[in-house]
Each structure stands twice: as C-alpha cells, then as structure tokens.
Amino acid sequence: MPDPASPWRPCFITTPIYYVNDRPHIGHAYTSLAADVLARWRRLEGRDVFFLTGTDEHGQKVEKAAKDAGMDPQDFTDQVSQHFRDLAVTMGFSNDGFIRTTEDRHKRACAALWEKLAANGEIYLGHYEGWYAVRDEAFYGPDELTERDGVKYAPSGAPVEWVREPSYFFRLSAWADRLLKLYEDNPDFILPASRRNEVIAFVKAGLGDLSISRTSFRWGVPVPGDDAHVMYVWLDALTNYITAAGYPDDPAAFEKWWPADIHFVGKDILRFHAIYWPAFLMAAGLAPPKRVFAHGWWTNEGQKISKSLGNVIDPVALVDEFGLDPIRYFLLREVPFGQDGDFSRAALIARNNGELADTLGNLANRTLSLIQRNCEGRLPPPATVRDTDQLFIQELKVLPTEVRVRLDSQEFHLALDAIMAAARSANGYITVHAPWALKKTDPARMLEVLRHLHDALRVFATVLQPFMPTTMAKLLDQLGVPEEARGLGALSTPLPGGLVLPPPAPLFAKIEAGA
RNA sequence: GGCGGCGUAGCUCAGCUGGUUAGAGCACGGCACUCAUAAUGCCGGGGUCAGCGGUUCAAGUCCGCUCGCCGCUACCA
C-alpha cells in the first residue's frame with residue numbers, strides 16, 4: 001500500500017474521454033496537453049505516473065452515426081476513436097493508457113459500480129419525462145422551446161412532444177450536504193477557485209435526483225438485471241477513470257492508483273466531474289478524486305469558435321505549420337490556465353520569436369558557441385561562485401522549486417514565466433560579464449562565467465522538458481547531459497569538467513510574420 | 001432577477017491581510033555591445049489605478065452607489 005504522504009507515491013492523471021462523434025480539435029489537444037505536461041513533470045520528479053486518456057463511445061448519437069454510415073457501431077467506433085489516438089501521437093502525449101468505453105473491462109466496471117450503488121440503496125426505478133423531439137432523438141429543456149399555434153418546437157425546428165419513459169435514478173439529492181462538506185474540507189478539490197464557487201452555489205441551490213438509464217437506444221452498457229435499459233451517459237463515461245485504475249478486476253492496481261490525483265476537464269463538463277462523480281463514488285463507498293481542474297476555452301483571432309463559423313482550429317494543421325514544441329509552449333504560455341484565451345497568429349509568432357528563439361534559443365546558441373570556440377568544445381569545470389555571480393546563481397537555484405510550486409497548482413503559465421525571467425537574467429549575465437572580452441583579459445574567469453551559463457542552461461532545459469520534450473532533448477544533447485542525468489534530482493550533481501560537447505545548432509526557428 | 005468576478009501604462013496583465021516616488025512582458029524611443037538565430041543588455045517616455053461619494057493619519061488595495069464587461073444560475077407568461 002502506497003504511503004499517501006510519500007513524495008514518491010504513485011500519481012494518476014486523467015483527461016476526459018473524448019466523444020468519438022467529434023473530430024479532434026484544439027480543445028481536446030489543450031486538455032490533454034496540460035495533463036501531459038503535468039505527467040511528464042511528475043516523472044521528472046521520480047513519481048510513478050499513470051497518465052490516462054481515451055474515448056467515450058456509447059450513446060444515441062454514435063448509434064445513429066454508425067447507422068447512417070451503414071456500419072456496425074463497434075466497427076464505427078473502432079474507426080473514429082483512432083483519430084484521438086492519432087492526435088496523441090501528433091501532440092507527443094505520453095499517456096500510459098488509452099481507455100475506450102466499449103471495452104469489456106469498462107462494461108464490467110460499470111456493472112460493478114451500478115450493483116454497488118443498487119446494493120447501497122442509491123438507485124431506484126422511476127420515470128424520466130420531458131420534451132422529446134423524435135426527429136432529433138433528443139430531449140430539450142422547457143427553456144429551449146418555442147411555441148407556435150399550440151405546438152412546441154425545439155431550437156432545431158423539430159416539433160417536440162411530452163414523453164415519459166421508465167428510467168433508473170441515482171439519489172443525487174441526498175448527497176448535497178456531503179458534497180458541500182467535501183468542497184469545504186478540500187479547498188483545492190475544484191480549481192480554479194472561481195469555478196469552485198460556482199459549483200458550490202449550484203449545489204447549495206439544491207440537487208435533484210439523476211436519471212442514469214435510458215430505454216430509447218441500445219448502444220450502451222446494459223443495466224444489470226434489466227436488459228431494457230442501458231446506462232445513460234455520465235454513469236458510463238465517468239466510470240472510465242476507475243475502470244482504467246483496475247476496478248473491479250485488479251484490486252492491487254486500484255489500490256495503487258485510486259483516488260486519481262487530478263482530472264483535467266474543460267469548463268463545460270466541470271459540473272459532472274465535481275458533483276455527479278464524487279457523489280457516485282462516495283455512494284459506492286469509494287474515495288472521490290483529489291482534484292478536478294476546469295480550464296477555459298480558446299477563441300480564434302478574437303472570435304468564438306464554432307463549426308458553423310468554420311473557424312475550428314485543427315491541432316494537426318498547427319503542428320504541421322509551426323512545429324510541435326512551439327505549439328505546446330504557446331498553448332500553456334499564452335493564457336493563465338483556467339481562463340479563456342485567444343489564439344492568434346500574431347501572438348504565437350511573438351511568443352515563438354521573442355521567447356523561444358531570441359531569449360532562450362539564442363542564449364543557448366551564444367553560450368555554446370563560446371564554449372565551442374574558446375574551450376576547445378570542452379565543458380569548463382564546476383566554477384567558484386563570485387560575489388558578482390551570487391544573484392544569478394541564486395535565481396537559478398530556486399527556479400526548479402518555483403516551477404514545482406506553479407505546476408503543483410497547475411499554473412503552467414507562471415511556471416513558464418519564471419523560466420523566461422531566469423533566461424532573461426542569463427542574457428543579462430552574459431552581457432555584463434562578457435566572456436568574449438574576458439578571453440583576453442582573464443581567461444580563467446571566462447571559464448567560470450561560461451560554466452555558470454552552462455549550468456543555467458541545464459536547469460532551463462531540465463525543467464522545460466515536460467513542455468517541449470523534443471527540443472529540450474536536443475538542448476540537453478548539446479549540453480552534454482547524459483540521458484540518465486536529466487531528472488530533477490540529477491541537477492544537484494554537477495557535470496564533470498572536460499566533457500566534450502557537440503557543436504551547437506539553433507533550437508528554434510523564427511516564424512516569418514505575414515504568411 | 002439572484003450569486004460571483006472583472007474594469008490598473010498603446011496591448012496583455014501582476015499588485016497578500018490598506019502604508020515610502022504604482023510594477024512586468026510586449027510595443028515604442030535613445031544608448032551600449034558585437035559572443036550569438038540582425039540576436040542581447042542598459043536607460044527612457046507613457047497611467048486622474050472606470051466614475052462618484054465615503055471610512056481612515058494613510059486606499060488600485062476597505063464600504064456604498066453609478067457605468068461597462070464576463071461567468072454561473074434562475075426564470076418572472
């Protein structure tokens with residue numbers, strides 16, 4: 001059993017499972033990217049990480065889409081879920097698992113959870129009723145309807161009728177107080193704090209019971225003991241997290257990974273993760289996750305993104321045009337994580353050119369070129385810290401801690417901000433100490449200055465690995481840092497002097513404006 | 001309608017429990033440097049801290065109101 005206090009305890013990080021009816025877009029890439037960076041950081045810390053993503057493959061829409069395509073639903077989902085596995089490869093995600101809700105293990109987990117809830121008296125059979133549009137095969141809330149000539153219409157224009165079908169319900173209404181206590185006892189359970197307040201307000205307003213089954217379609221997990229029903233969306237979808245953790249087949253794995261350390265979600269599905277999910281779990285006698293983080297949405301050049309506007313951002317196209325690491329950097333750098341943000345070419349180019357190429361890339365290039373030319377390409381030995389080095393060295397020393405603190409609270413933008421600030425300091429340091437001038441006046445001091453700069457670059461490259469794995473691997477290669485010395489713990493062990501360094505090459509290309 | 005948040009330099013934003021000349025990045029101007037991806041560094045201009053009125057020895061920083069944004073939520077037939 002893992003010691004919950006140990007800094008080396010296992011760490012379970014998840015993305016939502018993505019609905020296969022959708023094509024992967026920037027939103028999917030963004031959520032998973034955040035999870036990926038945190039997962040990679042935890043591995044750098046030495047933690048045992050389980051980073052999970054996957055696809056949600058049940059429901060009426062999928063059933064219908066498969067039918068329209070003339071395909072068996074399973075064949076259909078096999079095909080479309082592949083898009084999301086492809087996205088993970090394109091974006092360089094390091095997920096350890098990919099779960100699909102159509103897998104047998106997941107159906108077993110859903111059934112087990114259901115039975116547990118039923119045994120605990122948390123489920124009862126009732127009726128689900130509402131305004132239903134046959135044409136859309138969907139229910140609508142009363143506020144969405146318009147009425148003409150005594151007939152009510154859905155926003156789609158389809159006429160609706162009052163439909164009543166049997167449905168199982170989860171006694172969510174009984175959990176409001178315990179949910180509020182959960183939020184109170186765990187102030188960081190829902191982040192960012194503004195979202196937490198919204199959820200609390202919602203729960204305080206009162207919760208109704210939750211319909212958790214349907215008889216109107218078949219493409220779902222059958223309800224144990226009542227084949228007329230399949231489980232309805234959230235009970236099926238949310239359960240994926242414990243399925244992947246080993247519930248119920250592998251108690252040892254489940255013990256190891258559950259509760260999840262963090263669920264990354266978009267703000268649109270926060271309510272389900274912060275209210276339904278912990279309620280389901282507590283009702284089944286299982287621990288709720290430790291944290292749910294809801295991030296914001298992107299606009300495109302100031303415009304709301306929508307399919308009808310045709311301005312959906314395709315992450316694959318972005319990576320093709322600008323390269324993977326600049327995109328990864330930009331997405332987490334440009335906008336405070338948790339808030340909405342705008343994606344614009346101008347902003348992307350400014351970040352890439354100003355920060356990656358000019359500040360960081362050029363710093364590496366000038367430093368390594370100086371070592372290459374003036375030290376016969378060999379790393380100077382660990383250097384004495386002079387009075388005039390103190391400030392700079394101190395900033396470097398605290399940087400990994402600063403980054404850790406920021407990442408512990410998912411403030412990716414502030415982590416990157418701290419790193420860029422240090423890189424700017426390094427540029428100041430090199431200019432002030434002018435090793436190119438010391439070459440003639442004080443060669444020994446030149447070696448010290450260059451060594452301090454090399455140490456700085458090593459810190460930057462190490463802590464930036466989760467954000468830009470490919471490029472930082474290149475930088476670490478250029479710095480001569482061996483594979484096994486690239487973790488955070490290795491930073492306390494100086495590289496030996498005399499190490500032969502390969503000739504430097506630019507890390508980041510500038511992006512031409514215009515285009 | 002209710003609850004919550006926001007409105008600070010041209011732009012994007014920091015400014016914890018109120019306390020010396022309000023900060024950063026970008027943009028702009030000048031200077032320096034030349035190791036480097038025509039990169040870098042330094043200095044500088046620029047803000048009635050949305051408005052009005054209060055509390056206080058002292059308020060972007062607290063209170064009230066007004067205007068303008070945004071989020072969540074509820075809907076008034």
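Quick note on labels: first sequence line is chain A, next is B, and so on, each numbered from 1.
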Set of side-chain contact (heavy atoms from CB on, under 4.5 Å) partners for [X], sequence neighbours left out:
| X | value |
| --- | --- |
| A/Val459 | A/Leu399, A/Pro400, A/Leu491 |
| A/Glu161 | A/Val134, A/Val163 |
| A/Asp408 | A/Arg42, A/Arg404 |

Open item on the list: If you take any heavy atom closer than 4.0 Å to RNA chain B, which residues from residues 373-399 of chain A end up in contact?
Closed with: A/Arg373
TODO: Please work out which residues in residues 437-454 of chain A have a non-hydrogen atom less than 4.0 Å from an atom of RNA chain B and list them by number.
DONE: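 Nothing qualifies; none.
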Open item on the list: Is the distance from the ring center of A/His413 to that of A/Phe337 below 6.0 Å?
Closed with: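 Ring centroids of A/His413 and A/Phe337 are no less than 6.0 Å from each other.
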Expressed as a whole number of angstroms, how long is the span from [X]:[atom1] to [N]:[atom2]?
| X | N | atom1 | atom2 | value |
| --- | --- | --- | --- | --- |
| A/Gln478 | B/U37 | CD | P | 12 Å |
| A/His433 | B/C33 | NE2 | C1' | 16 Å |
| A/Ile200 | B/G2 | CD1 | P | 22 Å |

Open item on the list: Suppose the criterion is salt bridge (Lys or Arg N to Asp or Glu O under 4.0 Å): which pairs have a residue in residues 296-314 of chain A, not counting sequence neighbours?
Closed with: A/Asp22-A/Lys307
TODO: Any pair with a residue in residues 493-506 of chain A that passes salt bridge (Lys or Arg N to Asp or Glu O under 4.0 Å), sequence neighbours left out, goes on the list, sorted by first then second residue, please.
DONE: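 As it turns out, there is no salt bridge (Lys or Arg N to Asp or Glu O under 4.0 Å) pair with a partner in residues 493-506 of chain A once direct neighbours are skipped.
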Task: ring pair (Phe, Tyr, Trp, His ring centres under 6.0 Å) pairs, two or more places apart, involving residues 349-370 of chain A - done: none
Task: Residue pairs involving residues 386-411 of chain A (criterion ring pair (Phe, Tyr, Trp, His ring centres under 6.0 Å); sequence neighbours excluded) - done: A/Phe392-A/Tyr429
Task: Glycosidic class, syn or anti, of B/G45 using a 90° window around 0 - done: anti
Open item on the list: The criterion is ring pair (Phe, Tyr, Trp, His ring centres under 6.0 Å); which residues satisfy it with A/Phe343, sequence neighbours excluded?
Closed with: A/Phe330
Task: Any strand: nucleotide that pairs with B/U34 via Watson-Crick or wobble, under 3.5 Å - done: none
TODO: Please figure out whether A/Leu360 or A/Gln339 has its closest RNA chain B nucleotide nearer the 5' end.
DONE: A/Gln339
- [ ] Assign the ring pair A/Phe170 / A/Trp175 to parallel, tilted or perpendicular, where the plane angle (0 to 90°) is split at 30° and 60°.
- [x] parallel
Using the 3.5 Å cut-off, write out each protein N or O paired with an N or O of nucleotides 68-72 of chain B and the distance between them.
from: B/G71; atom 1: O2'; to: A/Arg195; atom 2: NH1; distance (Å): 3.2
from: B/G71; atom 1: O2'; to: A/Glu198; atom 2: OE2; distance (Å): 2.5
from: B/C72; atom 1: O4'; to: A/Glu198; atom 2: OE1; distance (Å): 3.4
from: B/C72; atom 1: O4'; to: A/Glu198; atom 2: OE2; distance (Å): 3.4

TODO: Report, as a single string ordered 5' to 3', how protein heavy atoms within less than 4.0 Å touch nucleotides 39-46 of chain B: B base, S sugar-phosphate only, - not at all.
DONE: SSS-----
